[in-house]
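This report concerns only the one structure given below.
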Number of protein chains: 2
Amino acid sequence: MSSAEAISGIKKQEDTNNALEQVQQLVETYPRVPITVDCVIFGFDNNELKVLLIRSDLEMFDGKWTLLGDFAHDDEELDDAAYRVLRERTGMRDVYLEQVKTFSKPHRHPGGRVITVAYCSLLNTEHHALNILDNELHWHTVKTACNMAFDHKEILDVCYKWLQKRMLEHPLGLNLLPEKFSLRELQNLYEAILDIKLDRRNFRKKFFSMDFLIDTGEYEDDVHHRPGRLYRFDFDKYSQNKKKWTGIEF
Amino acid sequence: MSSAEAISGIKKQEDTNNALEQVQQLVETYPRVPITVDCVIFGFDNNELKVLLIRSDLEMFDGKWTLLGDFAHDDEELDDAAYRVLRERTGMRDVYLEQVKTFSKPHRHPGGRVITVAYCSLLNTEHHALNILDNELHWHTVKTACNMAFDHKEILDVCYKWLQKRMLEHPLGLNLLPEKFSLRELQNLYEAILDIKLDRRNFRKKFFSMDFLIDTGEYEDDVHHRPGRLYRFDFDKYSQNKKKWTGIEF
DNA sequence: CCAAAAGTGTTGCGGTTACACCCATGA
DNA sequence: TCATGGGTGTAACCGCAACACTTTTGG
């Protein structure tokens with residue numbers, strides 16, 4: 001390296017430092033807002049879509065229910081914050097989770113401005129039951145959920161609509177079922193969430209033709225009638241064969 | 001009101017005040033983060049999808065391009081902030097705008113932690129051309145856009161994918177065309193954005209059968225061949241007749 | 001009269017819907 | 001043996017894809 005190059009190198013380094021300081025100082029001047037994540041945790045039990053809520057620990061929301069949420073830590077990506085909330089509150093890992101929408105009405109939180117990012121997650125209530133730590137946690141039927149704090153009812157509604165739409169194009173709903181499930185259970189799931197009736201034979205044909213169901217060779221054993229076959233969903237195969245394009249339709 | 005009731009009323013008021021203070025103090029303790037909105041502004045010109053970018057005014061991003069963004073003001077809902085950015089930068093009002101996703105990687109901004117909410121907007125470049133105030137603003141071809149600051153390339157990619165998907169289920173793409181347009185222009189729009197070829201006759205049949213196109217009775221007049229009819233899109237009719245359900249498909 | 005794009009119908013295929021009967025199991 | 005849901009096939013219909021020629025305009 002020539003000395004001219006060395007000097008130019010030093011100069012460049014100084015410029016970089018100055019530029020960095022400039023940016024840091026600029027960011028210092030920005031208004032700051034507390035950020036939370038709120039998880040809409042769906043479960044499926046008794047042929048009903050449920051949502052996991054906790055009693056508000058704020059005096060002014062005495063008796064009201066809230067979503068599971070928390071502030072974002074410094075240097076924590078919001079996806080990670082949402083996973084952390086799930087872990088801390090339910091003890092579960094590896095749960096399906098997706099960002100849905102950010103809510104920012106100035107007065108949505110009575111304590112001052114707080115922006116929240118809503119996440120939607122789906123888990124199997126049977127697995128989950130073992131891990132609930134906090135007895136102020138309860139599963140509520142989504143359709144009748146009410147008396148909620150903040151704008152959490154609105155967030156729930158948005159996430160429910162999101163789920164209904166997403167179910168049609170993605171098999172995320174299977175996260176609500178046990179690993180092995182009967183076709184009846186699967187159909188009940190779709191019927192309950194979408195709030196429609198489906199023809200049993202056509203539903204079967206549809207799922208079999210997608211060819212993502214693996215026959216376990218096992219049967220239901222807790223049923224008071226002819227037991228149905230149990231299937232697993234082939235998530236690997238799905239992720240290689242997703243549909244790309246379904247045509248213009250509105 | 002009895003004096004007991006009055007006392008109880010005062011007590012309740014005090015409780016409320018206390019509770020409010022409690023919540024406010026709690027929110028005070030939350031970590032705070034600067035929030036920005038970034039608008040991915042799409043246009044359509046020369047049969048190509050374009051995106052409006054501005055040169056970064058930060059020294060360390062010398063020569064790089066960024067999305068149009070700004071900090072959220074105090075007490076400003078983020079949707080409003082995004083509309084404000086659009087107004088301030090392009091002079092346009094009443095532009096189609098939708099929240100897409102929140103980006104929160106801890107080091108996405110070199111000046112420290114900044115969380116940004118990405119909005120996608122679509123506007124007609126002809127109308128818009130008149131209003132550009134800042135000559136560091138430029139339309140870039142989306143496919144070849146590069147050399148972007150921050151994580152703005154990633155945001156652009158996510159919004160482009162979002163647009164491709166959204167186009168199939170919602171007529172938002174029509175915001176990219178002039179009010180009156182030919183079917184050829186409409187088809188070019190879909191072909192360019194979705195990056196596919198479509199059969200002309202089937203495309204026409206499809207749109208005519210949806211029955212949202214209003215024949216203006218007018219014709220193109222700037223073409224060097226047989227002029228096509230001009231149509232308007234009936235947004236009112238659309239908003240009353242949206243499809244609800246398109247079947248399970250994944 | 002030539003180039004360039006507008007405009008227009010039909011056919012075949014595949015997927016969705018609608019629908020009814022026999023079977024296996026537990027009580 | 002009865003009640004309950006499991007499991008299965010077929011026919012009509014509809015929407016989508018594939019495909020070519022004539023018409024209109026400007027140059």
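To find a chain, count down the sequence lines: A is the first, B the second, and so on, and within it residues start at 1.
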Does [X] reach the main-chain N or O of [Y] with its side chain, forming a donor-acceptor pair under 3.5 Å?
X	Y	result
E191(B)	L198(B)	yes
E136(A)	I54(A)	no
E185(A)	S182(A)	yes
Y96(A)	C120(A)	no

So what does [X] hit on the nucleic acid, given a heavy-atom distance under 4.0 Å: a base, only sugar-phosphate, or nothing?
X	value
E249(B)	sugar-phosphate
R184(B)	sugar-phosphate
R229(B)	sugar-phosphate

Starting at atom [atom1] of [X], determine the distance to atom [atom2] of [N], rounded to an integer number of angstrom.
X	N	atom1	atom2	answer
D199(B)	dA17(D)	CG	P	9 Å
K206(A)	dG9(D)	NZ	P	19 Å
E185(A)	dG5(D)	CD	P	13 Å

Start and end of chain A contact along DNA chain C [non-hydrogen atoms, under 4.0 Å]: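 First and last nucleotides in contact are dT16(C) to dA27(C).
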
Answer yes or no for K105(B) and F103(B): cation-pi contact, defined as NZ/CZ to six-membered ring centre under 6.0 Å and angle to ring axis within 45°. no

For DNA chain C, whose closest nucleotide is more 5', that of R200(A) or that of P227(A)? R200(A)

Please determine which of F212(B), F208(B), F181(B) meets the ring pair (Phe, Tyr, Trp, His ring centres under 6.0 Å) test together with Y231(B).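 Passing option: F208(B).
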
Are R204(A) and dG7(D) close enough that a side-chain N or O sits under 4.0 Å from OP1 or OP2?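 It does, given that an N or O in the side chain of R204(A) lies less than 4.0 Å from OP1 or OP2 of dG7(D).
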
dT4(D) OP1/OP2 closer than 4.0 Å to side-chain N/O of H224(A): no

Ignoring hydrogens and angles, does a donor from either the side chain of R226(B) or the base of dT23(D) sit under 3.5 Å from an acceptor on the other?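 For R226(B), whose side chain was compared with the base of dT23(D), there is a donor-acceptor pair (under 3.5 Å).
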
Should we count CZ of R232(A) as having more than 12 external heavy atoms under 6.0 Å? no

Judged by each residue's nearest nucleotide on DNA chain D, which is more toward the 5′ side, Y219(A) or K205(A)? Y219(A)

